[in-house]
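This report concerns only the one structure given below.
If you're wondering where the values come from, they're calculated on a predicted model, not measured in any experiment. Every chain is numbered from 1 and lettered A, B, ... according to where its sequence line falls, protein lines coming before strand lines.
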Number of protein chains: 10
Amino acid sequence: MPLYAVRMDVAIPDGVDPSVRDETIARERAYSQELQRTGEWKHIWRCAGQYSNISILDVADNERLHEILWGLPLFKWMTVDVTPLAKHPSDIH
Amino acid sequence: MPLYAVRMDVAIPDGVDPSVRDETIARERAYSQELQRTGEWKHIWRCAGQYSNISILDVADNERLHEILWGLPLFKWMTVDVTPLAKHPSDIH
Amino acid sequence: MPLYAVRMDVAIPDGVDPSVRDETIARERAYSQELQRTGEWKHIWRCAGQYSNISILDVADNERLHEILWGLPLFKWMTVDVTPLAKHPSDIH
Amino acid sequence: MPLYAVRMDVAIPDGVDPSVRDETIARERAYSQELQRTGEWKHIWRCAGQYSNISILDVADNERLHEILWGLPLFKWMTVDVTPLAKHPSDIH
Amino acid sequence: MPLYAVRMDVAIPDGVDPSVRDETIARERAYSQELQRTGEWKHIWRCAGQYSNISILDVADNERLHEILWGLPLFKWMTVDVTPLAKHPSDIH
Amino acid sequence: MPLYAVRMDVAIPDGVDPSVRDETIARERAYSQELQRTGEWKHIWRCAGQYSNISILDVADNERLHEILWGLPLFKWMTVDVTPLAKHPSDIH
Amino acid sequence: MPLYAVRMDVAIPDGVDPSVRDETIARERAYSQELQRTGEWKHIWRCAGQYSNISILDVADNERLHEILWGLPLFKWMTVDVTPLAKHPSDIH
Amino acid sequence: MPLYAVRMDVAIPDGVDPSVRDETIARERAYSQELQRTGEWKHIWRCAGQYSNISILDVADNERLHEILWGLPLFKWMTVDVTPLAKHPSDIH
Amino acid sequence: MPLYAVRMDVAIPDGVDPSVRDETIARERAYSQELQRTGEWKHIWRCAGQYSNISILDVADNERLHEILWGLPLFKWMTVDVTPLAKHPSDIH
Amino acid sequence: MPLYAVRMDVAIPDGVDPSVRDETIARERAYSQELQRTGEWKHIWRCAGQYSNISILDVADNERLHEILWGLPLFKWMTVDVTPLAKHPSDIH
């Protein structure tokens, strides 16, 4: 299935209520972990020193990629950058 | 061991002799594949539609990361962007 | 099938031999037109006043997208920007 | 008639009342669909993973293009980028 | 007829033969002046301190705009930026 | 008298009271039209699809240019870009 | 141990309560000074004329770097830029 | 004594109380004029059409430069860009 | 007379003959010094660590500014940035 | 004495003769090491994965900083970025 590299940068506005913030972050975690279990969210790494992650998604197509990202509880406070990936000729796997 | 996301964009100058170019690309491939076999070059993906890759390196430290990248046969024609990675709190692995 | 918006900006280096340039442009045209006939290169528009085009490709997946773009005769003189597309909720078609 | 590629990036401020937001989005959809039916808004695609679309408008001239975009219910929360298009010499249609 | 603001930045590569350069600049001038006489190239101003101009073109449509700009003798050494214009509601003319 | 190309991009903050907004826009229009009548604000065009204009000012000097722009009722919500202009050697007028 | 150059740019939103601001800055200072004493925060310099610092951190690995930066009391109002460092071949130390 | 070119761009947030704004601007003026009298703030020019100035400071060293800029009453609403200057070999003074 | 801040960044291409380079730099110096003597080139400072200068020109108008900058012997290898200046309300001179 | 953070990015043009390149790099090393011994070039670190360094210079003033950087054997192939530093209020040293 096609892979996509996705970088997500989070910026929660200063005025957001802390309980709303915490609840949204908790839902984000559950959402991501469920998709990791099904195998569609293949990797997630924290960018050291930043409220950002670099992820690899392994999904059916662009439609499914959009559906997953659009549904992120933190989506409204994120900047998202998508890079569609292909097999590299040097890849030994 | 620490992970690093590395994006490499390749731009071979127009005047390079084709045989030099091809030989350099062949050495690049062998170099990358040897490091994939030892496990330090964990992933390499082609960015679709671009002469670029996104790679994940799994190396001892910054020194070893630099040693590997500096030794790339295509290094002189590359722009390299490095992001040090940490474990993400949502990561289930 | 998934759609991708692709912008291609062409910059032919000043020293390229005119016959090489013209022959490459002719091959580019034939290459694009063949893919338009098969339906994978759905649209191509010239950006007014620029040596650039905006195209819509309708291909099986990221692998096929990369294969097509990598094979462009002008690829070595292009900057390519890829945006994976999904159906828009307002789209009536 | 002249074509224009238009990219619209939407950023709804955090403090907007949800009912105002939903009502504005609903009017935006109706507005776009009406113009799709008349043929002036020829294509609309979602950029995967982003609150953005890429559209092709087929309108009488710059005046009509501006009138349509200025009237978008979401215009005040959008960044809009316009590229006037011309026929590409490789286009087979 | 529709108006377009066009900014042209010229960068002649260092290795161009001076007689080729001068002859191209002379052809550029004649080309621009002919279009000024027909009324399609309405205004041309030099940006003070730069090898650049800001021009206003008054042409039938995007196709004609592209035809004119593509035909500029200096086109291959230019960066061109196009802004389609509409009537401003404060304009008294 | 010296000419200046000025691009003004307007971004009215979301929380501005609609009556304040409308009154400011009305004053802006009157202010611009008065200066058009005196001949100092020579041209104003809307950038199609954007809350922006490109204008040509024909004023005594930098001091007068600043006085006019600083006095714009919308100035506090504008980003302003100024390009001093000179006669172009190809200009036939 | 690996070194990292870190640039931190601080922008405290205008609406923050002065006592919250002052208390956060005081905690930031204590936090930084404790890590300077343990040797992990090796250098901190103010960028002249800016609410920014350039620091050198000397930490076990990317994980520890992230833990320290994520814990900064001012982190939510900072933009952070991380450059992993290696020994320079010209370094005499 | 060393010279520094400093560009200051001011952006007062929309919600600031007008009396606070006016009082801060008045203090800024007095602060700048006092330093102009002592000779440390050698030149100040308005950038035509912008809420910005370009200044030349003539101060003991980086420490003193920072002390002056950090103390600006408008500092919290400014973006500041610093260029350290040296004597130019073509300077006749 | 109007003032302009001008930043000039010089990049001499690698293949330029050293004697041509040196002769051009010598002519540049004489040209600048002559204009400093007439008073039109009021200040010139080197940006520390860069092949760049920041200058203040005091000239009749935009036309004269352009004439001076266009005539610089190094103009073809320069990037030039022009900021028209006005009197600052805090200026005590 | 004042400190400056300096980032140097090196890009040796493709056509440079290898012996010229190697001899220039050797001179650069000797030059840097001599200044490290006198204490003016306090720190030099390699940016991991890039032909770049971040250095701290501890010099008399802007003039001396410029003299050192201008004299770098690799200066003509470098992009240099200078940040003047001041003591940070959190610094315990």
Is there any residue in [range] with a non-hydrogen atom under 4.5 Å from a non-hydrogen atom of chain J, and which ones are they?
{"range": "residues 42-65 of chain G", "value": "Lys42(G), His43(G), Ile44(G), Trp45(G), Arg46(G), Cys47(G), Ala48(G), Asn53(G), Ile54(G), Ile56(G)"}
{"range": "residues 70-87 of chain G", "value": "Thr83(G), Pro84(G), Leu85(G), Ala86(G), Lys87(G)"}
{"range": "residues 7-30 of chain G", "value": "Arg7(G), Arg29(G)"}

Winner by heavy-atom pair count (cut-off under 4.5 Å) against chain G, out of Arg37(J), Gln33(J), His93(J)
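Winner by heavy-atom pair count: Gln33(J).
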